[in-house]
Amino acid sequence: MISENEMDNISEIVEKSGLKHIAFIMDGNGRWATKRGLPREFGHKAGAETFKKIVRYCRSIGIKTATVYAFSTENIKRPKREVNAIFRLLGEYVEEGKEEKDVEFKFIGAPEELGEDVYKKVTELESVTKGGKSRVNVAFNYGGRAEIVHAVNKLLKDNKTVITEDDISANVYTSDVGDPDLIIRTGNEVRISNFLLWQCAYSELYFSETLWPDFSTDELDKAIMDFSHRSRRWGGLDTKK
Ligand code: FPP
């Protein structure tokens with residue numbers, strides 16, 4: 001348990017370190033369930049609980065934006081039973097999300113390709129929560145390369161003939177909240193897996209061995225402390241030295 005003092009302290013660290021946006025690759029749900037002799041769907045259910053806890057905590061310590069990788073464009077290849085379980089969790093979460101205070105939800109990716117039922121749910125949550133002070137981006141049917149292609153095609157449609165980096169930054173799904181300062185991947189895998197490929201150019205990366213359902217606010221504090229000691233140079237020299 002984190003005491004109020006420690007919480008004040010971590011909020012201060014968040015503010016001083018300029019940490020505004022954290023993205024999470026929530027990996028390890030399936031292994032968590034298998035280790036317990038349970039079907040993989042149970043891991044996603046436990047993972048959804050962790051997701052709720054972590055995004056609420058982010059908000060309470062002053063993180064303005066949390067982006068989570070909930071369903072990649074490749075995840076549709078998983079067994080129907082597992083895919084349906086994730087869609088069901090999404091539906092349940094949409095109902096709970098509508099009750100959250102002061103948080104705006106945005107779905108990034110191509111959820112419209114997942115059928116009318118899913119799309120209706122995500123657009124409903126987006127419209128009910130519009131204008132909330134903090135932001136949760138849920139990547140659902142998301143792929144990083146597809147996102148860049150989507151941005152370029154939008155620009156071509158606007159008759160752009162020369163495309164700049166700023167143009168692409170202004171046309172990726174997260175353009176209104178900026179790039180993630182920190183990307184955390186759980187589940188003991190050290191790769192990006194087609195997540196926020198454009199936006200991660202200067203993100204700090206943090207890899208945790210913990211399986212996502214076991215990821216705790218204490219471990220998030222540890223990642224934030226670690227972030228606060230990094231020297232971000234964006235390709236330049238350290239101005240603090
Ligand atoms: C990766 O773990 C996780 C996913 C593909 C799904 C993430 C979904 C949730 C956390 C719950 C749903 C949340 C919402 C918002 C609907 P994995 O299954 O690849 O784990 P493994 O590597 O152990 O197999």
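For ligands, and for the atoms within them, numbers begin at 1 and follow the listed sequence. As the structure is a computational prediction, the values presented were derived from the model and not from experiment.
- The contact set between ligand 1 and Ala70, taken as ligand atoms under 4.0 Å from a residue heavy atom, comprises 6 (C), 7 (C), 8 (C).
- For atom 21 (P) of ligand 1, the closest non-hydrogen atom on the protein side is Arg31 NE, 3.6 Å.
- Using modelled atom types, no side-chain atom of Glu41 and backbone atom of Arg81 make a donor-acceptor pair closer than 3.5 Å.
- Although no hydrogens or angles enter the test, the distance criterion places a donor-acceptor pair under 3.5 Å between the side chain of Asn194 and the main chain of Arg145.
- Taking a cut-off of under 4.0 Å to the non-hydrogen atoms of Gly47, the atoms of ligand 1 that pass are 10 (C).
- If you check each of Glu82, Glu92, Arg78, Arg88 against atom 18 (O) of ligand 1, the one with the closest non-hydrogen atom is Arg78.
- Residues Arg230 and Asp226 are paired through a salt bridge, judged by an N-O separation under 4.0 Å between the basic side chain and the carboxylate.
- For a threshold of 3.5 Å applied to N or O pairs, the pair formed by Gly30 and ligand 1 contains at least one separation below that value.
- The closest approach between any non-hydrogen atom of Arg40 and ligand 1 is below 4.0 Å.
- A donor-acceptor distance shorter than 3.5 angstrom exists from the side chain of Asp167 to the backbone of Thr164, with no hydrogens or angles considered.
- Using modelled atom types and a 3.5 Å distance limit, the side chains of Asn141 and Tyr119 yield no donor-acceptor pair.
- For ligand 1, the atoms closer than 4.0 angstrom to any heavy atom of Asn75 are 5 (C).
- In terms of modelled atom types and a separation under 3.5 Å, the side chain of Ser72 and the main chain of Tyr142 share no donor-acceptor contact.
- When each atom of ligand 1 is checked for a heavy atom of Met26 under 4.0 Å away, the hits are 1 (C), 2 (O), 3 (C), 10 (C).
- Judged by the shortest distance from any of its heavy atoms, Gly187 lies outside the 4.0 Å radius around the atoms of ligand 1.
- Between His21 and the options Asp181, Thr67, Thr65, a side-chain hydrogen bond (donor to acceptor under 3.5 Å, both in side chains) holds for only Thr67.
- Below 4.0 Å from some heavy atom of His44 lie the following atoms of ligand 1, by number and element: 4 (C), 6 (C), 11 (C), 18 (O).
- Per-residue contacts place Asp27 under 4.0 angstrom from the following atoms of ligand 1 (heavy atoms of the residue considered): 1 (C), 2 (O), 17 (P), 19 (O), 20 (O), 21 (P), 22 (O).
- Nearest protein heavy-atom neighbour of atom 15 (C) of ligand 1: Phe51 CE2, 3.6 Å.
- Between Lys121 and Asp117, at least one side-chain N (NZ, or NE/NH1/NH2) sits under 4.0 Å from a carboxylate O, which counts as a salt bridge.
- The atoms of ligand 1 that sit less than 4.0 Å from any heavy atom of Leu90 are 16 (C).
- When only non-hydrogen protein atoms are considered, atom 9 (C) of ligand 1 lies nearest to Asn29 ND2, 3.6 Å.
- A heavy-atom distance below 4.5 Å is found between the side chains of Leu205 and Ile192.
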